[in-house]
Amino acid sequence: MTNHAGFAADDAVTASVPVQAAQGGRHFPPFLAPSSRLTDCKKAAAHVDLAGAGGVATVPGSWPRHAKPVSGAELDDWMEKHPSALAWFESVAAAAKGKEIVVFLDYDGTLSPIVADPDRAFMSDEMREAVRGVAKHFPTAIVSGRCIDKVFDFVKLEELYYAGSHGMDIRGPTAAASEYNHNMKAKQGDAVTFQPAADFLPVIEEVYHVLKERMASIRGSLVENNKFCLSVHYRCVDEAEWGVLDGKVRAVIEGYPDLRLSKGRKVLEIRPVIDWDKGSALQFLLKSLGYEGRNNVFPIYIGDDRTDEDAFKVLRNMGQGIGILVTKVPKETAASYTLREPSEVKEFLRKLVKIKINGDKGLIGK
Ligand SMILES: O=P(O)(O)OC[C@H]1O[C@H](O[C@H]2O[C@H](CO)[C@@H](O)[C@H](O)[C@H]2O)[C@H](O)[C@@H](O)[C@@H]1O
């Protein structure tokens, strides 16, 4: 059976958690206290995530019944390798100095907190203003597992680029928003569109209906149609049923060799077997924006999900820009920096705007 690893404590839903100020390089509290897993979704929805109270690593190859404690030394080591992008903002700004910043933002868990109901993963007005502010100064893209229409309904900003369905559906700003196009190649309604998995639409639609029918007997499950990919949510499924759900989904996918299965945050993702991911979308967008082969570009990609790792790896390989993982617990990642939660992402975006407006003076004060 395929690996189910990767349920970290920060898979818990969040209610507005107070921002914990970044202190120096060390940002994670030293002791773990695995929060009791709430399988009742109503309780979970009201549960304030306290996972930040301790670092938890998951046991590879199993459902996450047992969390493995992470020692203080391990946390220190991890934080040294992946420091807070807020605490180390001056280093980020120094690396970006004189370069053209391009911003890539994942949606769920990055711009909006993780909540029990995927249809209610709203971003705050303050976050929207922060993203709007960034997009005024830097080319900005949302890169999400959601279908474009859904993520646009949440974000509601026309001036952005959108790469939905894990990067398989790419759309540029509309003509009306062309004033935000900065120095990009695509101007005046010359919108970028790209759908590398278009041939898979019929099979995705077929599997969506099959999965809906198979999941009907599993209370709390939810099948989400993300156009070029599907999500089977089990956040609200009783933990005792997770194995059954997994088996049923795998049994369906076995009949479709053109599709593959991966795991996100309490969600099984089904997508076409094509050589395209969020990393490819990042590269495609940089090229469309006229940045290919230029060494004066500084892409910043912020995301919380495993699928964001593909983009982090692309940046590592390019040796340009930075990846920032949003997490409260140590995880294996190709990102160079971390932020703990969406409120810190908002703070980081505001700071980026300040250095654009004020130059080095933007580094001083809040
Ligand atoms: O790439 P992303 O924008 O991060 O999208 C990844 C998946 O996010 C959504 O699911 C996750 O967020 C939900 C709302 O907070 C939560 O209920 C769920 O448990 C998470 O897995 C979205 O619903 C999926 O379709 C995306 O693939």
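Since the structure is predicted, the reported quantities are computational estimates derived from the model, not experimental observations. One-based numbering, in listed order, for ligands and for the atoms of each. Note that these values count all heavy atoms, side chains included, but never hydrogens, waters or copies made by symmetry.
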Look only at interatomic distance and state if [X] has a nitrogen or oxygen under 3.5 Å from any nitrogen or oxygen of ligand 1.
X: G145; result: yes
X: K278; result: yes
X: D305; result: no
X: V115; result: yes
X: D117; result: no

Could you tell me which atoms of ligand 1, counted from 1 in the order shown, lie closer than 4.0 angstrom to a heavy atom of [X]?
X: S231; answer: 24 (C), 25 (O), 27 (O)
X: Y107; answer: 3 (O)
X: E224; answer: 22 (C), 23 (O), 24 (C), 25 (O)
X: V267; answer: 21 (O)
X: A121; answer: 14 (C), 15 (O)

Side chain, backbone, both or neither: which part of [X] comes within less than 4.0 Å of ligand 1 when only heavy atoms are counted?
X: P113; answer: backbone
X: A116; answer: backbone
X: T110; answer: neither
X: S144; answer: both

Compute both the distance and the angle, then confirm whether K266 meets the cation-pi test with Y234: under 6.0 Å from the six-membered ring centre, within 45 degrees of the axis.
no
Could you check whether [Y] and [X], counting side-chain N and O atoms only, form a donor-acceptor pair closer than 3.5 Å?
X: K278; Y: T307; result: yes
X: D106; Y: T110; result: yes
X: N226; Y: S231; result: yes
X: E213; Y: H209; result: no
X: S262; Y: E269; result: no

Which heavy atom in V92 sits nearest to a heavy atom in A85, and how many Å separate them?
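V92 and A85 have their closest heavy atoms at CG2-O, 4.3 Å.
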Heavy atoms only: give me the nearest L282-A311 pair and the separation to one decimal.
CD1-CB, 4.0 Å
Heavy-atom nearest neighbour in the protein, as seen from [atom], with distance rounded to 0.1 Å:
atom: atom 19 (O) of ligand 1; answer: R235 NE, 2.6 Å
atom: atom 27 (O) of ligand 1; answer: E269 OE2, 3.0 Å
atom: atom 8 (O) of ligand 1; answer: D108 OD2, 3.0 Å
atom: atom 20 (C) of ligand 1; answer: R265 O, 3.3 Å
atom: atom 10 (O) of ligand 1; answer: H233 CE1, 3.4 Å

Of the listed options (I114, V151, V223, D106), which comes nearest to atom 2 (P) of ligand 1 when hydrogens are ignored and any heavy atom counts?
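Looking at heavy atoms only, D106 sits closest to atom 2 (P) of ligand 1.
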With a 4.5 Å cut-off on side-chain heavy-atom distances among I, L, V, M, F, W and Y, is there a chain of contacts connecting L325 to M318?
yes
Between E344 and R340 (side chain of the first, backbone of the second, donor and acceptor by atom type, cut-off under 3.5 Å), is there such a pair?
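Side chain of E344 to backbone of R340: a pair is present.
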Would you please test D108 and R265 for salt bridge (charged side-chain N to carboxylate O under 4.0 Å, His left out) and show each step?
CA-CA 10 Å; D108 289 280; R265 298 179 72 169; over 6 Å; no
Looking at residues at least two apart in the chain, or sitting in another chain, which of them share a salt bridge (charged side-chain N to carboxylate O under 4.0 Å, His left out) with D117?
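If we apply the salt bridge (charged side-chain N to carboxylate O under 4.0 Å, His left out) test to D117, skipping adjacent residues, there are no hits.
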